[in-house]
Amino acid sequence: MTDAATNMRLKLPIICFTLEIILIILFGAIVQYDHETDAKQWHSKNHSDYENDFYYRYPSFQDVHVMIFIGFGFLMTFLQRYGFSSVGFNFLIAAFALQWATLMQGFFHGLHGGKIHIGVESMINADFCTGSVLISFGAVLGKTSPVQLLVMAMFEVTLFAVNEFILLSLLGTKDAGGSMTIHTFGAYFGLMVTRILYRPNLDKSKDKNSSVYHSDLFAMIGTIYLWMFWPSFNSAITAHGDDQHRTAMNTYYSLAACTLATYGMSALTAHDGKLDMVHIQNAALAGGVAAGTAGEMMLTPCGSMIVGFLAGIISVLGFKYLSTILEEKLKIQDTCGVHNLHGMPGVLGAIVGAVTAAVATADIYGEGMADVFPKVASGEVDASYQGGIQAISLAVTLGIALLGGLIVGFILKLPIFGAPPDTICFEDSIYWEVPGEEAPHDGQLTAVNTEETEKLST
Amino acid sequence: MTDAATNMRLKLPIICFTLEIILIILFGAIVQYDHETDAKQWHSKNHSDYENDFYYRYPSFQDVHVMIFIGFGFLMTFLQRYGFSSVGFNFLIAAFALQWATLMQGFFHGLHGGKIHIGVESMINADFCTGSVLISFGAVLGKTSPVQLLVMAMFEVTLFAVNEFILLSLLGTKDAGGSMTIHTFGAYFGLMVTRILYRPNLDKSKDKNSSVYHSDLFAMIGTIYLWMFWPSFNSAITAHGDDQHRTAMNTYYSLAACTLATYGMSALTAHDGKLDMVHIQNAALAGGVAAGTAGEMMLTPCGSMIVGFLAGIISVLGFKYLSTILEEKLKIQDTCGVHNLHGMPGVLGAIVGAVTAAVATADIYGEGMADVFPKVASGEVDASYQGGIQAISLAVTLGIALLGGLIVGFILKLPIFGAPPDTICFEDSIYWEVPGEEAPHDGQLTAVNTEETEKLST
Amino acid sequence: MTDAATNMRLKLPIICFTLEIILIILFGAIVQYDHETDAKQWHSKNHSDYENDFYYRYPSFQDVHVMIFIGFGFLMTFLQRYGFSSVGFNFLIAAFALQWATLMQGFFHGLHGGKIHIGVESMINADFCTGSVLISFGAVLGKTSPVQLLVMAMFEVTLFAVNEFILLSLLGTKDAGGSMTIHTFGAYFGLMVTRILYRPNLDKSKDKNSSVYHSDLFAMIGTIYLWMFWPSFNSAITAHGDDQHRTAMNTYYSLAACTLATYGMSALTAHDGKLDMVHIQNAALAGGVAAGTAGEMMLTPCGSMIVGFLAGIISVLGFKYLSTILEEKLKIQDTCGVHNLHGMPGVLGAIVGAVTAAVATADIYGEGMADVFPKVASGEVDASYQGGIQAISLAVTLGIALLGGLIVGFILKLPIFGAPPDTICFEDSIYWEVPGEEAPHDGQLTAVNTEETEKLST
């Protein structure tokens, strides 16, 4: 028998069914197809079926979708006995968060006659918001129950939508790839949550808070998918045409440069020149995070590479030196090191975005200015003002993330959500039926290796 | 030496080469490029290269392709010692089935001057038909030789094409995502085959009919890919424009709701509140199956979520309670539980499709009716008649699947195909060279762990 | 402590930082956005955003990208203790090679006012060139340091660009999927390098030069991704419209036929009729290699299947019989058997391409001739001359690859790059921090299996 406190027999069904039934009722009441997914509306206008935005967004959506479910899910399987939970809880909270995000973002992005209209662009945005929750999941990985995670997701999605609304709608900030809205927000929110959930006796589970050979290989599946599809992530909701094209390419070069910086730094900071899988799995992705704001701007390929290069260096240094300090001095137990992969590179990306915006000129952007900086193009603000707005947005994001994480952290501390005890963190078997070992080779019927089988069959 | 009966030395080459040579001859005789893949025909018309259907179907095709080869292949790797066979036989029979399906479907879908014309749409359809065979493979997994599987594939593809022709061409049924043609057909065909191949002494291999930790993680790769790309699957051959867009979105929400239902039900039905990987790996996908028919209709996002929610509940209940009954009372040994993932959710999807079709009105669909229900739009039939057709189609599918599975099951019982003995089911080593264990750590030259290597190199 | 010679503490950072800084400087000096990625240029013309080539090339690019990083990376994880290096060094050298290839190919493909213009097509080409380097990596896998690999990549990319320039620009050769430029070049270059780096005492590491059960499954992830996306690879840079469509379809059927041939041949040549994972992982892909040149031509589906069928047979025979001869007689230690997967099938593909080109007629291609054979369409040369050019191109490729591999092999022999000693080849721990085994089950705090945990929690 499992301890009653961590038994999910009733807790998990109650929260899953309650949340899903609420979602179904709200979707029934206020969600409708938009003009591109509704049969009547689409056909009431005069256009070719090929002009449907499905064809220009859906491939990017699927790449983002892979990042959310395979990328984040497998990246976190690096722990030796937490693979089921990493992939499985990632799956659960993402499936919830994308539905809830549809409502929250739809509400803030503007209703149409009291209704939320949805299509592929809202699906991408819902996945983006989900990504932010999964970043926070990385900070608390191994120390939380699935019920806690669903509660966290519910609040975080809501606050994400608020912050996104303030930035994109009220301030007119540009942040297509979410250096601020997704990465900075998710990281600092999660860091504050894990700070509040600080476990002084976590070293009782320290033997399991590490990888084994195969778990590191599974994690590389996540890493490589995130790396490959990050160009699609950053470009998924930028304007059509040159904007999507340029954003994808900038991100591609930023990541490539980041990878070389990561390998170099990992060897340089190692005690005997050996590469550390933690760096490769994480820091090599920092170039994608850091290109999240400026990726759609005229950053130039060279500029993208410089950004990626710096992000890789910062990220490895964070893993090597800062994580210990955060844990020992600030009591922040950041399981996946999201501060190094999403936090600092997200802040770097925001700063790069502010600077790049501030130096934008009509000479560089031409008529394309209207897509990238509509307010600058219309003369409403000048470029340096836009840069200032970008910088303010970073501060706003940090503020909402930290304050939100503080409050949500205390909510999650309530002793009703079935959190694991200090002795059984980073361990699947507390929430999962874990299969036994391989069939023993002790008898005729269970022979599992070649020689024995061959003997049998002769 | 392997037992002569299961030795594939001659059997497998003979069937592989014979089938492939027949395929090559038939392709040479009757298969041609269609007007979009033929250089002369394409350029003889006045259109932009961008209008080629390649650009509007190929991304969906590739997602479907990943589901067939990675999704199905890895989903079945959950068995502890059957990973080579799961991925490898999946690969083999899919590679055969897609070629054979091109011929069978091409023949029934209508010849052009005695020739079959092929392009991206026929490739998607061939992959769809292959999916049906792989569902049946799931029912007999671990208990069949590759030769049996190829023979099964040959007959099943043929019967699939017959059933598909009756439904789509003769009856005018709508089933874009194949709740009936693919899932119901593949599941009940496979269940009947495994019934005929019933092994009373299968418990001699029961030690291997289970998962181990890493095999469950490999299986999650399959699950997550199927889950992510199911929106592409259901929308791959719907009409362009709003139809593809809507189908993808309906499926996305159906799957998300299904996932929450699955986690809730898994914890609720567990003996100690622990999640069961079998449920997560399978039942979370039932929402895609159940949205296979109605996904292209105006099901609404809310309706899609209700369908997915019910599918998840039904599927977990099936795994928990029905599988044992099927095995003990009906002698149906369903290795992967395809009845729970494809059978019941497929039937549910067919019923939902019939109801949704029956209530379709011009007020809801507008001019879009012509894409979804062409016969209703043209006034040939009314909506309730279309609903009736949909319901009849389910019965036809069940009949052909069960009768076909019966006959093919008896064919596969012929003792010439090298089926494994009861004692060596669910075991790779009967058909594969299985590598030994890791290099022993017993000497200077084979040191494989860090400490030993370090000692060596000093 | 690691041996000073193989310690990467300084060597790897120095080469990574030096190369990346040179790349950044060169990109800053001579690389610019092309007219489809530059905001000003794109908007200075009168066209729809939907006409941007991003929408017609980027999905193919992402498929190619997955092949390069997941496909090649995981295909090479078959070795029992070389998974970190396989995926990790693949990642490192690909990230470098794609940047360097942008410069080298840009330089040879033609400058615009002294500048290289880049967009999605150059990204595909850079990934293609990277693929060639990764093929060579397969030949030397397990026997080289990351520094050696980066040096090899630098020279190989350069020579690749030279050979590609001679073929595509000077001779007017057609080779969209790179049977010659990518596969033949990469294979023979790598084979010559490994010949020069011949290790007479490599059998000291022979215990690790083999797979284990899970490493073979990881490798199948690579295989299946390469197999699925090869249609996208071969069609990624062919002309728009029927050409891309036809190339993808030809490759699809070539691979399917190749797979059946591979399974048949593997069983036929096995000592006891058991399938060999090495064949499945590799030879099943030969159909994609062999369709690399003729895939865009009017090869017909039947013709494609014949090509794939032959490629599969040749490739298995190579693995079974030729590899040993190469090693024992010619002292070529080809770890992954790239001669069998890329070398011979590449040569076959080149020959098929030459023959198919030589028999092209206006009656078959119609107006589409201008896309496939522009010089034949314009009357500049006749078809048989084009066929001759194709054959000459194979000879040129072989010559440059072998000569280049010879020179680069000697460079890599310099004792400054930290190559592993004969006793520690095929072993991650020489360059990587390798995690320990799973947490021991020896105490209350480290319980990791279900029973123990349950006891604890009661």
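Just so it is clear: chains get the letters A, B, ... in the order the sequence lines come, proteins before strands, and each one is counted from 1.
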Checklist entry - CG/D34(A) to CZ/R246(B) distance, rounded to the nearest 0.5 angstrom? => result 11.0 Å

Checklist entry - Is a side-chain donor-acceptor pair under 3.5 Å present for D63(B) with Y58(A)? => result no

Checklist entry - What heavy-atom pair brings G273(B) and N7(A) nearest, and what distance separates the two atoms? => result CA-OD1, 3.5 Å

Item to check | Rounded distance [0.5 Å steps], CZ in R9(A) versus OG1 in T269(B) | outcome: 7.5 Å

Checklist outcome for this item: When the 4.5 angstrom heavy-atom criterion is applied to F74(A) and chain B, the contacting part is side chain

Item to check | Contact class of D53(B) relative to chain A, heavy atoms under 4.5 angstrom | outcome: side chain

Checklist entry - Under 6.0 Å between the ring centres of Y56(B) and Y50(A)? => result yes

Item to check | Minimum side-chain heavy-atom gap F27(A)-I306(B) below 4.5 Å | outcome: no

Next on the checklist: In terms of relative ring orientation, are F54(A) and H245(B) parallel, tilted or perpendicular, with 30° and 60° separating the classes?
Outcome noted: tilted

Item to check | From L275(B) atom CG to E433(A) atom CD, the distance as rounded to the nearest 0.5 Å | outcome: 9.0 Å

Next on the checklist: Run the side-chain contact (heavy atoms from CB on, under 4.5 Å) test on D371(B) and H43(A) for me, step by step, so that the C-alpha distance in whole Å, both residues' side-chain angles and the decisive distance to 0.1 Å come before the verdict.
Outcome noted: CA-CA 10 Å; D371(B) 281 347; H43(A) 284 274; 3.3 Å; yes

Next on the checklist: Can a side-chain donor-acceptor contact be found between D242(B) and Y33(A) if the only test is distance below 3.5 angstrom?
Outcome noted: no

Item to check | Nearest heavy atoms of G83(A) and Y213(B), plus distance in Å | outcome: N-OH, 2.9 Å

Checklist entry - Checking F229(B) against chain A: side chain, backbone, both or neither under 4.5 Å from a heavy atom? => result both

Checklist entry - Contact part of L23(A) toward chain B, heavy-atom cut-off under 4.5 Å: side chain, backbone, both or neither? => result both

Next on the checklist: Are D216(B) and W432(A) packed together at the side-chain level, in the sense that at least one heavy-atom pair is separated by less than 4.5 angstrom?
Outcome noted: no

Item to check | Steps toward side-chain hydrogen bond (donor to acceptor under 3.5 Å, both in side chains) verdict (T102(A), Y253(B)) | outcome: CA-CA 10 Å; T102(A) 305; Y253(B) 285 109; 2.7 Å; yes

Item to check | Side-chain heavy-atom pair P59(B), Q62(A) within 4.5 angstrom cut-off | outcome: no

Next on the checklist: Quick check on the interface: out of L19(A), L150(A), I118(A), who has the most heavy-atom pairs with chain B under 4.5 Å?
Outcome noted: I118(A)

Checklist entry - Can you say whether M265(B) sits under 4.5 Å from chain A via the side chain, the backbone, both, or neither, judging by heavy atoms? => result both

Next on the checklist: Given heavy-atom pairs under 4.5 angstrom as the criterion, report whether the side chain, backbone, both or neither of F84(A) touches chain B.
Outcome noted: both

Item to check | Criterion side-chain contact (heavy atoms from CB on, under 4.5 Å) on Y225(B) and F69(A), from CA distance to verdict | outcome: CA-CA 9 Å; Y225(B) 269 103; F69(A) 287 88; over 6 Å; no

Checklist entry - Which region of D38(A), side chain (C-beta onward) or backbone (N, CA, C, O), has a non-hydrogen atom less than 4.5 Å from a non-hydrogen atom of chain B, or is it both or neither? => result both

Checklist entry - Would you say E367(B)'s side chain and K45(A)'s backbone share a donor-acceptor pair under 3.5 angstrom? => result no

Checklist entry - Is the number of heavy atoms from other residues, nucleotides or ligands under 6.0 Å of E51(B) CD greater than 12? => result yes

Checklist entry - Which residue out of G119(A), S44(A), G28(A), S86(A) racks up the most heavy-atom pairs below 4.5 Å with chain B? => result G119(A)

Checklist outcome for this item: From the list L12(A), I93(A), T18(A), L92(A), side chain to side chain contact (heavy atoms under 4.5 Å, CB included) partner of L260(B) resolves to L92(A)

Item to check | Approximate separation, where rounding is to 0.5 Å, of F61(A) CZ and M228(B) CE | outcome: 10.0 Å

Item to check | Trace of the side-chain contact (heavy atoms from CB on, under 4.5 Å) decision for E20(A) with M305(B) | outcome: CA-CA 9 Å; E20(A) 190 57 49; M305(B) 288 157 73; 3.6 Å; yes

Checklist entry - Tell me, side chain or backbone of D127(A) under 4.5 Å from chain B's heavy atoms, or both, or neither? => result both

Item to check | chain A contact via D428(B) - side chain, backbone, both or neither, heavy atoms under 4.5 Å | outcome: neither

Item to check | Among G241(B), A248(B), A261(B), residue most engaged with chain A (heavy-atom pairs, under 4.5 Å) | outcome: G241(B)

Checklist entry - Of all heavy-atom pairs between P13(A) and G264(B), which one has the smallest distance, and what is that distance? => result CG-O, 3.3 Å

Checklist entry - What part of S235(B) lies closer than 4.5 angstrom to a heavy atom of chain A: side chain, backbone, both or neither? => result side chain

Checklist entry - Which heavy atom in Q99(A) sits nearest to a heavy atom in A257(B), and how many Å separate them? => result NE2-N, 3.7 Å

Next on the checklist: Between F218(A) and I221(B), is there a side-chain heavy-atom distance shorter than 4.5 Å?
Outcome noted: yes

Checklist entry - Do the side chains of K274(B) and V434(A) get nearer than 4.5 Å, heavy atoms only? => result no

Checklist entry - How many angstroms lie between OG1 in T37(A) and CG in N250(B), if you round to the nearest 0.5 Å? => result 8.5 Å

Next on the checklist: Under 6.0 Å between ring centres: does that hold for F96(A) and Y263(B)?
Outcome noted: no

Checklist entry - Can you name the closest pair of heavy atoms from V87(A) and M220(B) and give their distance? => result CG1-CE, 3.5 Å

Checklist entry - Do N52(A) and H240(B) have side-chain atoms, one donor and one acceptor, less than 3.5 Å apart? => result no

